[in-house]
Peer 1: 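First the structure, which I've put down as structure tokens, then a few questions once you've had a look.
Residue numbers begin at 1 in each chain, while the letters A, B, ... track the order of the sequences.
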There are 2 protein chains.
Amino acid sequence: MGNSEQTLPPELFMDIDRAGPIPLYYQVATRIEDAIRSGVLPAGSRLENEVALGERLGLSRPTIRRAIQDVVDKGLLVRRRGIGTQVVHGEVARQVELTSLHEDLARSGHQPSTTLLLSEVIPADETMAEHLSLPEGSPLLHLRRLRSSDDTPLAVLENYLPSDFTDLSTSALTEYGLYQVLRSRGTTMRVARERIGARTATDEESTLLDIAAAGPVLTMERTAYDNSGRAVEYGQHCYRPDLYSFEVTLVDR
Amino acid sequence: MGNSEQTLPPELFMDIDRAGPIPLYYQVATRIEDAIRSGVLPAGSRLENEVALGERLGLSRPTIRRAIQDVVDKGLLVRRRGIGTQVVHGEVARQVELTSLHEDLARSGHQPSTTLLLSEVIPADETMAEHLSLPEGSPLLHLRRLRSSDDTPLAVLENYLPSDFTDLSTSALTEYGLYQVLRSRGTTMRVARERIGARTATDEESTLLDIAAAGPVLTMERTAYDNSGRAVEYGQHCYRPDLYSFEVTLVDR
DNA sequence: TAGTGGTCTAGACCACAAG
DNA sequence: TTGTGGTCTAGACCACTAC
């Protein structure tokens with residue numbers, strides 16, 4: 001397994017903007033990532049060392065380190081003390097981000113659509129109260145939606161939100177993703193905890209998803225928190241397993 | 001939703017070892033994380049600001065920042081410029097780490113066991129060759145194992161490894177996890193890319209897992225890379241969905 | 001011995017939010 | 001205006017790897 005010798009990325013760092021609002025480490029990280037994804041930096045090749053790269057670009061070592069570390073965290077690079085930095089082999093999938101299914105689909109070139117099946121206000125039962133850190137019996141907005149991609153049913157989404165969202169525009173929810181609607185109201189998701197599993201579809205789900213009765217579904221349960229750390233969404237979703245799956249990248253730090 | 005006022009963590013930073021091999025940022029991060037998990041820092045409370053904390057501990061600001069950022073990346077803290085750092089609400093699950101199912105089980109207090117169902121060397125077909133970045137037809141070690149927890153079947157694990165692992169001790173594989181065996185041979189996993197989905201169990205799987213015929217299974221497909229970025233393991237696994245699920249924490253950076 | 005990444009310091013200036 | 005986190009610099013010393 002002869003590793004490629006040291007490969008110097010050519011001057012594709014020409015267009016770095018030192019004055020603009022985009023952080024320098026981000027600009028560098030983006031260019032490294034692009035070089036890997038485009039094959040300019042082939043799998044197994046070694047990246048130029050930190051100090052040299054910093055001098056070449058006129059940037060300090062911490063800035064370069066931050067840039068490289070960001071790419072490492074995406075699973076594209078591996079670093080070893082005393083050795084250097086190398087490009088990880090294998091095809092690269094874009095990492096799951098903190099967005100909704102709606103945006104994921106739109107970004108990958110599909111035509112997402114949503115049917116609002118149910119919108120009601122209910123009192124929180126013990127489970128919901130626990131997940132949303134609210135007292136039992138608090139009013140919650142309960143949404144049930146059917147998400148389709150290019151007119152094929154893909155997922156049944158069940159969401160619960162605290163009472164200050166009970167006035168959400170139902171028309172907006174058929175047009176945009178839930179997270180987009182919340183963001184336009186000033187609520188931004190910052191942290192989400194998910195549990196991914198599988199089970200047998202209910203009769204209603206198999207009908208909605210157009211799959212065999214008692215067929216398997218992929219499930220995802222999620223609690224999302226806004227930028228103040230408050231729980232603002234709890235969801236129980238199920239997906240057609242032949243059309244959807246979750247991608248995760250794990251990196252040892 | 002009155003947020004708690006600024007909460008000063010008491011002197012639980014007393015036992016910081018400046019001379020030892022453990023990084024200072026790691027010691028600080030660990031103590032913050034423990035304070036959150038133990039409830040000393042309650043949900044919603046504000047953390048002391050960076051500079052003050054640094055002065056109090058006699059550490060520089062970058063060191064403190066690194067410590068706090070590590071806790072943020074675990075989904076336990078949320079930061080806002082101009083505001084401060086707050087503890088995220090909700091119960092905290094330990095993050096999935098880059099270890100094998102065997103170690104996950106052992107760490108959570110269960111008694112894992114493994115039955116080696118098959119161990120053979122086969123030529124790589126197109127799919128395996130692609131995932132492992134090897135030429136088609138290369139010899140691969142193929143393992144099929146049944147993983148149980150407390151004598152209950154939990155998962156059927158199907159693994160493929162490059163030819164330099166064909167001499168793996170089969171007896172060790174029934175005693176330890178695959179990753180432990182590899183580590184003892186000097187191979188450490190650094191990056192893994194996983195795809196999680198669901199499907200119907202095959203007849204063999206439903207028998208092995210002791211579930212209903214044609215019942216649902218949770219599936220995970222994974223390629224793992226060592227510290228030089230080389231692909232060293234490809235696996236296709238299926239889990240009993242009533243006994244196992246995956247937890248993921250997403251953080252906006 | 002030379003080269004690499006890992007850690008740590010002591011400052012500086014800025015953007016953003018609150019009063 | 002004040003306080004917060006976000007970015008950036010220019011050094012330093014160390015641990016590990018290869019030769």
Peer 1: Would you say B:Q27's side chain and B:D17's backbone share a donor-acceptor pair under 3.5 angstrom?
Peer 2: yes
Peer 1: Would one find a side-chain N or O of A:R66 under 4.0 angstrom from OP1 or OP2 of D:dC8?
Peer 2: no
Peer 1: Can you name the closest pair of heavy atoms from A:S119 and A:L143 and give their distance?
Peer 2: OG-CD2, 3.7 Å
Peer 1: Going by the ring pair (Phe, Tyr, Trp, His ring centres under 6.0 Å) test, name the single residue among B:H131, B:H142, B:H237 that passes it with B:Y160.
Peer 2: B:H142
Peer 1: In chain order, what residues pass the salt bridge (Lys or Arg N to Asp or Glu O under 4.0 Å) check against B:D226, with sequence neighbours excluded?
Peer 2: none
Peer 1: Is the phosphate of D:dG5 approached by B:T85 (side-chain N or O, under 4.0 Å from OP1 or OP2)?
Peer 2: yes
Peer 1: Please name the pair of heavy atoms, one in A:R230 and one in A:P162, separated by the smallest distance, quoted to 0.1 Å.
Peer 2: NH2-CB, 3.5 Å
Peer 1: Of all residues at least two apart in sequence or in a different chain, which pass the salt bridge (Lys or Arg N to Asp or Glu O under 4.0 Å) check with B:E50?
Peer 2: B:R61, B:R65, B:R79
Peer 1: Consider the side chain of A:P23, meaning its heavy atoms from C-beta on, and name the nucleotide among C:dT4, C:dT7, D:dC8 that approaches it most closely.
Peer 2: D:dC8
Peer 1: Over how many whole Å does the gap from A:Q27 atom CD to D:dG6 atom C1' extend?
Peer 2: 15 Å
Peer 1: Does OP1 or OP2 of D:dT4 have a side-chain N or O of B:N49 closer than 4.0 Å?
Peer 2: yes
Peer 1: Quick check against the 3.5 Å criterion: does B:H89 have a side-chain atom that pairs as donor or acceptor with the backbone of A:G229?
Peer 2: yes
Peer 1: Measure CG/B:D17 against P/C:dC8 and give the value in whole Å, please.
Peer 2: 11 Å
Peer 1: What is the distance from CG of B:L77 to P of D:dG6, rounded to the nearest Å?
Peer 2: 12 Å
Peer 1: What's the CG-P distance between A:D70 and D:dC8, to the nearest Å?
Peer 2: 11 Å
Peer 1: Any chance you could list the contact pattern along nucleotides 9-19 of chain C? Use B for base contacts, S for sugar-phosphate-only contacts and - for none, protein heavy atoms under 4.0 Å, 5' to 3'.
Peer 2: BB-B--BBSS-
Peer 1: Would you say A:Y25 reaches D:dC8's phosphate, i.e. side-chain N/O to OP1/OP2 under 4.0 Å?
Peer 2: no
Peer 1: Any side-chain N or O of A:R65 less than 4.0 Å from the OP1 or OP2 oxygen of C:dG6?
Peer 2: yes
Peer 1: In whole Å, I'd like the distance from the CD1 atom of A:I16 to the P atom of D:dC8.
Peer 2: 10 Å
Peer 1: May I have the distance from B:I64 (atom CD1) to C:dT7 (atom P), rounded to whole angstrom?
Peer 2: 15 Å
Peer 1: Measure the distance from CZ on A:R46 to P on D:dA18 and round it to the nearest whole Å.
Peer 2: 11 Å
Peer 1: To the nearest Å, how far apart are A:E50 CD and D:dA15 C1'?
Peer 2: 14 Å
